[in-house]
Asker: 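After the structure tokens below, expect a handful of questions from me.
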Amino acid sequence: MSLDEFRAEVRDWLEVNCPASMRTPMASFDEACWGGRHFEFASDDQRLWLERAGEKGYTVPTWPKEYGGGGLSKDEAKILAEEMKRINARPPLVSFGIWMLGPALLKFGSHEQKLEHIPKIARGDIRWCQGYSEPGAGSDLASLRTKAEDKGDHWLVNGQKVWTSYADKSDWIFCLVRTEPDAPKHEGISFLLFDMESAGVSTKPIKLISGYSPFCETFFDDVTVPKGQLVGERGKGWTIAKYLLTHERKMIGDIGAPTPLSQLAREKLGTEGGQLEDAMLRSEIARHEIDAAAFMFTVQRATDEAKAGASLGAFSSALKYVGTELNKDRHEKLLKIHGSEAFEWEGQFSRDGAVAKDWLRTKANSIEGGTSEVQLNIISKRILELPDR
Amino acid sequence: MSLTLNEELQLLKESADGFFAEKSPVSDLRDLRDREDEVGYRADLWQDMAEMGFVGILLPEEAGGADFGYVGAGLVAEAMGRQLTASPFLAHSVVAASLLKALGDEDRLGALAAGDELYTVAIDEGPRFDLAGTKMTATQAGGGYTLSGLKTFVPDGHVADHILVVARTSGTAGETDGLSVFQVDKGAKGLIADRTIMADSRNWAKLSFNATPATLVGTLDGAYSAVERATDLANTVIAAELLGIAEECLTRTTDYLKERQQFGVTIGTFQALQHRASHLFCEIALTRSAVLKALQTADEGGPVGWFAALAKARAIKSAELATNEAIQMHGGIGMTDEYDIGFYIKRARPLAHLYGDYNVQADRFAALSGY
């Protein structure tokens with residue numbers, strides 16, 4: 001089938017299968033379909049859209065067909081994305097399974113593990129969370145202490161994770177555990193998958209300065225995990241963790257092009273002779289928008305270079321660093337645009353303090369997924385090749 | 001369009017980088033300065049550049065040019081930025097070529113591509129770029145025109161054989177209507193060209209005209225948009241030269257961090273310095289994308305103002321940071337004339353100022369974005 005024929009087919013399929021109410025923009029990822037055993041669909045259309053797209057593999061267009069993916073080439077996937085964008089179709093499913101675990105499993109998992117888990121990610125049956133950070137292991141992630149003891153026919157897991165995104169809403173966890181207590185810290189870590197309904201797993205949401213609670217503390221108290229649920233080689237989990245973090249960094253850095261600040265400022269403050277009246281604010285916005293546009297072109301350049309065969313490598317750290325710092329700056333500018341109204345915390349007028357809460361939420365951007373300082377360390381070491389000692 | 005270089009351009013980049021590294025290292029600029037060379041550039045290098053196709057890089061093959069477009073010109077400028085090559089390339093091959101093309105003039109393209117006679121463009125009349133504010137007037141005299149007044153900050157103005165001068169033929173300062181472009185030749189009556197020695201040890205001049213005979217180029221009164229387009233296009237190439245300066249400062253600085261010892265260790269092990277270098281790397285990476293995008297847009301032939309303002313603003317910001325950080329991280333030795341790093345900061349600032357500094361670009365970016 002030629003690409004043109006494929007486009008025509010996709011267009012027809014979307015026309016028939018994407019419900020009208022799923023062709024409207026989402027205000028945030030909170031409105032997205034996250035899937036999982038306990039997901040409460042916002043509408044029948046949302047459920048239908050997930051089922052139909054999942055059946056076709058269009059939730060994960062480029063993953064292999066044998067594991068429930070769409071089996072599309074990069075060019076075909078690009079056409080699917082373009083056609084979905086053309087009709088404003090929402091993504092049928094968003095999840096850490098798609099963004100993070102899936103790519104790692106496809107690269108490091110056994111055939112059995114892929115058969116078991118990938119189709120459920122593609123259909124949105126199982127919602128995954130990531131067990132990485134611990135109270136004593138943040139930026140220094142490799143010092144993690146949650147342990148999995150070899151009990152012959154199973155692993156026995158004990159310990160605590162923190163900053164586990166949506167742990168309270170997730171069905172399974174992919175988790176870094178220490179299996180070789182005597183090995184050097186990077187070499188004693190393994191990558192383990194288990195069900196959050198296992199006996200001994202409990203979660204506690206953490207309330208943030210923004211009022212949101214997207215993160216949890218997660219506790220493991222004598223959790224039994226079957227032997228076959230360790231991914232890759234025992235003691236080699238750090239390699240998988242790094243691979244996966246690269247994906248996460250790219251995702252966090254690549255937030256996409258948000259509504260221009262200038263547009264919001266024009267709507268809120270009005271213009272005089274075609275210019276924002278507040279000259280100082282206009283100048284601040286211009287400075288920000290120049291950097292934001294250059295960042296957008298940089299994401300595009302990195303994508304184009306990757307398509308041409310270059311490896312993104314440590315450059316994902318640069319994208320993560322710049323993207324998150326810019327997003328924080330953007331929200332500081334939004335406060336200036338909204339004035340005192342930015343700080344309203346409750347009530348209909350402010351949509352329960354959306355501006356203030358979103359602003360505070362961005363402060364985590366440069367902490368989660370590796371702090372800005374950790375990204376600068378990585379750039380220094382791997383790109384600039386500055387010495388360790 | 002893919003934001004990458006195709007194979008042909010990749011080859012051009014490699015050949016330009018190699019050419020300037022070999023033929024015009026920074027020591028050449030130092031030598032020109034120390035000898036108080038009156039020409040201010042090396043004629044043999046200019047000849048070699050013509051043979052390489054760099055002189056006519058923007059011009060069509062029919063006119064004898066290499067037709068590599070703005071992306072190609074940007075790659076040459078970036079390589080020259082790394083080596084701080086003193087050359088009429090910017091004035092002649094970029095600004096004059098862009099202006100003559102924008103004016104629809106085809107008679108001079110062959111001479112431009114050959115490069116035997118140098119062209120430059122004279123716009124500024126005061127310390128800030130302000131095209132609409134042009135005051136110099138052209139007076140009709142007999143069958144032609146004469147110019148009287150002062151032009152400043154003219155690149156290669158004292159060595160150019162032909163000067164394309166922006167002057168007012170109607171209206172008053174502040175209006176975009178009423179500007180025209182004239183050619184004045186070297187040695188013309190009443191023309192005094194004074195070389196201005198500036199921080200970058202490169203070629204700039206103040207030109208004074210006193211009833212100087214001049215030939216109209218293009219149409220009368222309507223040159224504003226052509227000159228604006230030419231300076232926009234020139235700004236995309238200036239941005240590329242600034243990018244080369246910033247890149248070279250980062251390279252020289254990280255090399256120094258890997259070799260300099262203090263407190264018994266290599267100073268590159270200090271996180272305070274690592275983070276500054278890494279931040280600079282990211283800033284330059286953003287600029288590289290904006291510059292390539294602007295150069296590609298220039299080659300597409302459509303409106304380029306927004307992209308040129310974006311690229312120039314970014315390049316100025318990065319070059320300012322890179323040159324400042326380079327001196328700071330080199331420490332005391334970075335302040336010495338004997339060490340080359342100081343040449344970079346002294347070139348970056350005047351170059352940034354040509355055709356509008358950061359604030360001029362940011363204002364234009366905002367205006368073209370509709371706010």
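Reckoned from all heavy atoms, side chains included, excluding hydrogens, waters and symmetry mates. Sequence lines set the chain letters: A, B, ... in the order given, protein chains first and strands last, and positions in each chain run from 1.
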Asker: Which region of A:Ile285, side chain (C-beta onward) or backbone (N, CA, C, O), has a non-hydrogen atom less than 4.5 Å from a non-hydrogen atom of chain B, or is it both or neither?
Answerer: both
Asker: Side chains of A:Trp163 and A:Glu368: any donor to acceptor distance under 3.5 Å?
Answerer: no
Asker: Rounded to the nearest 0.5 Å, how far does CG of B:Leu84 lie from CD1 of B:Ile245?
Answerer: 5.5 Å
Asker: Give a yes-or-no answer on whether the side chains of B:Tyr70 and B:Ser98 include a donor-acceptor pair shorter than 3.5 Å.
Answerer: yes
Asker: Given heavy-atom pairs under 4.5 angstrom as the criterion, report whether the side chain, backbone, both or neither of A:Gln263 touches chain B.
Answerer: neither
Asker: Given 3.5 Å as the limit, does a donor-acceptor pair link the side chain of A:Asp358 with the main chain of A:His331, or not?
Answerer: no
Asker: Under 4.5 Å, heavy atom to heavy atom, which residues of residues 278-288 of chain B contact chain A?
Answerer: B:Ser278, B:His279, B:Phe281, B:Cys282, B:Ala285, B:Leu286, B:Arg288
Asker: Please determine, among B:Val291, B:Leu250, B:Thr269, the option with the most heavy-atom pairs under 4.5 Å with chain A.
Answerer: B:Thr269
Asker: Pick one of side chain, backbone, both or neither for A:Arg301, based on which atoms fall under 4.5 Å of a heavy atom in chain B.
Answerer: both
Asker: Is any side-chain heavy atom of B:Phe129 closer than 4.5 Å to one of B:Leu354?
Answerer: no
Asker: Counting a contact as any heavy-atom pair under 4.5 Å apart, which residues of residues 254-268 of chain B contact chain A?
Answerer: B:Thr254, B:Leu257, B:Lys258, B:Thr266, B:Gly268
Asker: Test your reading of the model: is there a side-chain donor-acceptor pair from A:Lys307 to the backbone of B:Ser2, 3.5 Å cut-off?
Answerer: no
Asker: Would you check if the side chain of A:Glu76 reaches a backbone N or O of A:Ser73 as a donor-acceptor pair within less than 3.5 Å?
Answerer: yes
Asker: Would you say the side-chain atoms of A:Asp304 pair up with the backbone N or O of B:Thr4, donor to acceptor, closer than 3.5 Å?
Answerer: no
Asker: May I ask you to decide whether A:Arg282 forms a salt bridge with A:Glu289, counting only side-chain N to carboxylate O separations under 4.0 Å?
Answerer: no
Asker: Among A:Ala318, A:Pro387, A:Ser283, which has the most heavy-atom pairs under 4.5 Å with chain B?
Answerer: A:Pro387
Asker: Counting only N and O atoms by type, is there a donor-acceptor contact under 3.5 Å from the side chain of A:His338 to the main-chain atoms of A:Ala356?
Answerer: no
Asker: Tell me if a side-chain donor or acceptor on A:Glu5 pairs with a main-chain N or O of A:Ser2 at a distance below 3.5 Å.
Answerer: yes
Asker: To the nearest 0.5 angstrom, please state how far the CG atom of B:Leu351 sits from the CD1 atom of B:Ile238.
Answerer: 5.5 Å
Asker: Can a salt bridge be assigned to the pair A:Lys333 and A:Asp329 using a cut-off of 4.0 Å between side-chain N and carboxylate O?
Answerer: yes
Asker: Tabulate, in ascending numerical order, the residues of residues 358-371 of chain B having at least one heavy atom closer than 4.5 Å to a heavy atom of chain A, or enter 'none'.
Answerer: B:Tyr358, B:Asn359, B:Ala362, B:Asp363, B:Phe365, B:Ala366, B:Ala367, B:Ser369, B:Gly370, B:Tyr371
Asker: Tell me the residues of residues 305-316 of chain B whose non-hydrogen atoms fall below 4.5 Å from those of chain A, in number order.
Answerer: B:Trp306, B:Phe307, B:Leu310, B:Ala313, B:Arg314
Asker: Going from OG1 on A:Thr298 to CD on A:Glu305, what distance comes out if it is rounded to the nearest 0.5 angstrom?
Answerer: 10.0 Å
Asker: If the threshold is 4.0 Å, N to carboxylate O, is there a salt bridge linking A:Asp278 and A:Lys336?
Answerer: no
Asker: Verify, without hydrogens or angle tests, whether A:Lys320 (side chain) and A:Gly370 (backbone) share a donor-acceptor contact under 3.5 angstrom.
Answerer: yes
Asker: Is any side-chain N of the basic residue among A:Glu325 and A:Lys328 closer than 4.0 Å to the acidic one's carboxylate O?
Answerer: yes
Asker: Does a salt bridge link B:Glu78 with B:Arg82, judged by any charged N lying under 4.0 Å from a carboxylate O?
Answerer: yes
Asker: Testing A:Lys85, A:Met84, A:Lys78, A:Arg86 for side-chain contact (heavy atoms from CB on, under 4.5 Å) with A:Glu82, which one passes?
Answerer: A:Lys78
